[in-house]
Protein chains: 2
Amino acid sequence: MARYRVGLETRERILSATRRLVSELGVEGVTLKAITDEAGVGAGSFYNLFDSKEAAVFEIVREAIEAVDPDPAGEGTDTLEDLVDAFVTFMTDAGPIARIYLQLAVGRGLVDPVIGARTLRSHRRRVERFADAARRQDPTLGRADADVLAETLLAGLTGLGITSLLDPGFHMAAHAQRLLARTAASVDAPRG
Amino acid sequence: MARYRVGLETRERILSATRRLVSELGVEGVTLKAITDEAGVGAGSFYNLFDSKEAAVFEIVREAIEAVDPDPAGEGTDTLEDLVDAFVTFMTDAGPIARIYLQLAVGRGLVDPVIGARTLRSHRRRVERFADAARRQDPTLGRADADVLAETLLAGLTGLGITSLLDPGFHMAAHAQRLLARTAASVDAPRG
DNA sequence: TACATATTGGAGCGTTCACTCCAGATCTGC
DNA sequence: GCAGATCTGGAGTGAACGCTCCAATATGTA
């Protein structure tokens with residue numbers, strides 16, 4: 001939507017403001033006015049660049065997820081451990097944004113079909129990446145088994161992530177490492 | 001708050017209406033007016049019986065969770081499998097209410113400190129019940145190990161529940177059974 | 001029956017807030 | 001430096017909605 005340089009700069013100012021405010025107050029806690037005031041622009045400028053308040057929020061979440069991607073180019077060089085680490089990093093280091101992500105993906109995705117479909121799509125892509133990494137590490141692993149492993153691992157990570165955001169004292173990294181070790185082990189030797 | 005018979009009946013009508021509407025439209029999607037219209041009462045009657053719209057929603061979620069409890073009396077007779085089954089039943093059979101539960105616990109709990117604290121408390125209670133059941137089944141299991149097992153298992157179940165609500169084709173029961181088998185097995189033989 | 005207490009409906013209050021509109025300023029390619 | 005597109009602020013719109021208030025009525029109790 002932005003074509004001129006000033007427009008692109010304004011866009012960045014708005015995204016920074018949105019990131020700051022939404023991190024602190026959550027999606028519902030932030031008004032459009034707060035964002036435009038913080039960015040030093042009028043509402044008209046905002047709507048010249050974004051379709052809605054939500055669109056700006058989606059954008060900052062997207063950027064935050066992309067920032068921790070261990071293989072942004074999609075070259076297939078990431079290991080299962082890389083992916084788990086990235087997930088943990090996102091949940092712990094990008095805490096406030098991770099909160100927003102879950103608020104949107106779970107809180108809204110379960111109610112709004114459009115957001116739900118979007119969430120499901122990105123979930124499926126993530127499962128596939130986890131499964132691919134698992135098969136690279138253990139070529140004897142069948143596609144179906146790898147999918148189940150990936151689905152289970154991701155489910156566990158998501159649950160741990162939620163707990164970690166609810167409980168500041170929760171040590172997600174340790175739990176995630178144990179989870180990865182167990183999940184992988186149970187594939188090598190299905191009944192220990 | 002209700003003392004007279006008519007009040008108790010009104011309370012039930014309001015809860016039924018809330019259950020119906022909120023199941024269909026989500027918490028934010030339902031207005032107080034919709035609830036009172038559906039229940040055939042005025043706003044005054046509603047507020048005579050409930051502190052807020054939210055209070056009524058919490059109540060129906062509480063009742064739905066209680067309804068699947070395999071050991072409501074807390075006699076310590078439930079097995080790990082019972083608890084996993086109850087969780088799966090809640091997520092699949094009570095689908096619409098489970099949606100509301102997650103919407104509140106995750107979507108709101110991560111933003112509103114009061115709801116967050118409440119969610120964390122019930123999470124801790126649930127971890128304890130899972131851990132107790134695990135130790136009854138395997139008395140050699142240490143308390144710390146049981147807690148880790150419970151925490152991990154619950155995290156996985158939560159993640160699977162979210163996926164199951166997002167993806168109608170997802171077979172949660174099968175994944176949960178596998179998860180239980182693997183989690184338990186990995187404790188008996190930590191490194192397969 | 002008389003009295004205290006509970007219940008009732010629903011008008012309306014007070015507020016919030018995303019978004020529209022548009023005239024004028026600014027930009028960029030030619 | 002001109003034309004046409006883009007960008008700008010911010011007043012204003014319009015709708016939403018949780019909750020209060022209270023006089024009238026119903027209920028239970030002694």
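Everything quoted here is computed from the prediction, not taken from an experiment. Convention: sequence-line order gives letters A, B, ...; per-chain numbering from 1.
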Visitor: Would you mind classifying the nucleic acid contact of Gly7(A) as base, sugar-phosphate or nothing, using non-hydrogen atoms under 4.0 angstrom?
Guide: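 Sugar-phosphate, backbone atoms only, no base.
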Visitor: Provide a list of protein-nucleic acid N or O atom pairs under 3.5 angstrom, restricted to nucleotides 14-18 of chain D.
Guide:
residue: dG18(D); atom: OP1; partner: Lys53(B); partner atom: NZ; Å: 3.1
residue: dG18(D); atom: OP2; partner: Leu32(B); partner atom: N; Å: 2.7

Visitor: Just how far, in rounded Å, is P of dC19(D) from CD1 of Ile14(B)?
Guide: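 Between P of dC19(D) and CD1 of Ile14(B): 13 Å.
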Visitor: Less than 6.0 angstrom from the centroid, inside 45 degrees of the normal: does Arg126(B) satisfy that with respect to the ring of Phe87(B)?
Guide: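 No, a cation-pi geometry is absent between Arg126(B) and Phe87(B).
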Visitor: Roughly how many Å is it from CZ in Arg11(A) to C1' in dT8(D), rounded to a whole number?
Guide: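 My rounded result for the distance is 18 Å.
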Visitor: In whole Å, what is the span from the CG atom of Asp37(A) to the C1' atom of dC17(C)?
Guide: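 So the CG-C1' distance, Asp37(A) to dC17(C), works out to 13 Å.
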Visitor: So which heavy atom on Glu59(A) is nearest to which on Leu15(A), and how close?
Guide: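 In this case the closest contact between Glu59(A) and Leu15(A) is CG-CD2, 3.8 Å.
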Visitor: I'd like to know whether CZ of Arg13(B) has more than 12 heavy-atom contacts from other residues, nucleotides or ligands below 6.0 angstrom.
Guide: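 Yes, CZ of Arg13(B) has more than 12 neighbouring heavy atoms, counting only those of other groups under 6.0 Å.
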Visitor: Starting the side chain at C-beta, find the nucleotide from dG10(D), dG10(C), dT7(C) nearest to Asn48(B).
Guide: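 Of the candidates, dT7(C) comes closest.
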Visitor: State which of dT8(D), dT8(C), dG9(D) makes the closest approach to the side chain of Thr10(A).
Guide: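 Minimum distance to the Thr10(A) side chain belongs to dT8(D).
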Visitor: Output the rounded distance in Å from CD (Glu9(B)) to P (dT27(D)).
Guide: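 Value for this atom pair: 10 Å.
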Visitor: Given that Asp51(A) and Ser45(B) both sit by DNA chain C, which one's nearest nucleotide is further toward the 5' end?
Guide: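 Here Ser45(B) is the residue nearer the 5' end.
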Visitor: I need the CZ-C1' distance between Phe50(B) and dT20(D), as an integer number of Å.
Guide: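 So the two atoms are 18 Å apart, to the nearest Å.
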Visitor: Taking Arg136(A) for the side chain and Asp78(A) for the main chain, is one N or O donor matched with an acceptor at less than 3.5 Å?
Guide: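 Answer holds: yes.
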Visitor: Under 6.0 Å from the CZ atom of Arg20(A), do we count more than 12 heavy atoms belonging to anything else shown?
Guide: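 Yes, CZ of Arg20(A) has more than 12 neighbouring heavy atoms, counting only those of other groups under 6.0 Å.
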Visitor: Could you pull out the protein-nucleic contacts involving nucleotides 23-29 of chain C (nitrogen or oxygen on both sides, under 3.5 Å)?
Guide:
residue: dT28(C); atom: OP1; partner: Arg5(A); partner atom: N; Å: 3.4

Visitor: If hydrophobic clusters are built by linking Ile, Leu, Val, Met, Phe, Trp and Tyr wherever their side-chain heavy atoms come under 4.5 Å apart, do Ile14(B) and Leu25(B) end up in the same one?
Guide: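 Same cluster.
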Visitor: Just by distance, with hydrogens left out, do Gln177(B) and His171(B) show a side-chain donor and acceptor under 3.5 Å apart?
Guide: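 Looking only at side-chain atoms, His171(B) and Gln177(B) do not form any donor-acceptor pair under 3.5 Å.
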Visitor: Can you spot which of Leu160(B), Leu166(B), Leu165(B) makes a side-chain contact (heavy atoms from CB on, under 4.5 Å) with Ile162(B)?
Guide: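 Single pass found, and it is Leu166(B).
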Visitor: Looking only at the side chains, is there a donor atom on one of Thr79(B) and Asp82(B) sitting less than 3.5 Å from an acceptor on the other?
Guide: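 Checked: Thr79(B)/Asp82(B) side chains pair up, N/O donor to acceptor below 3.5 Å.
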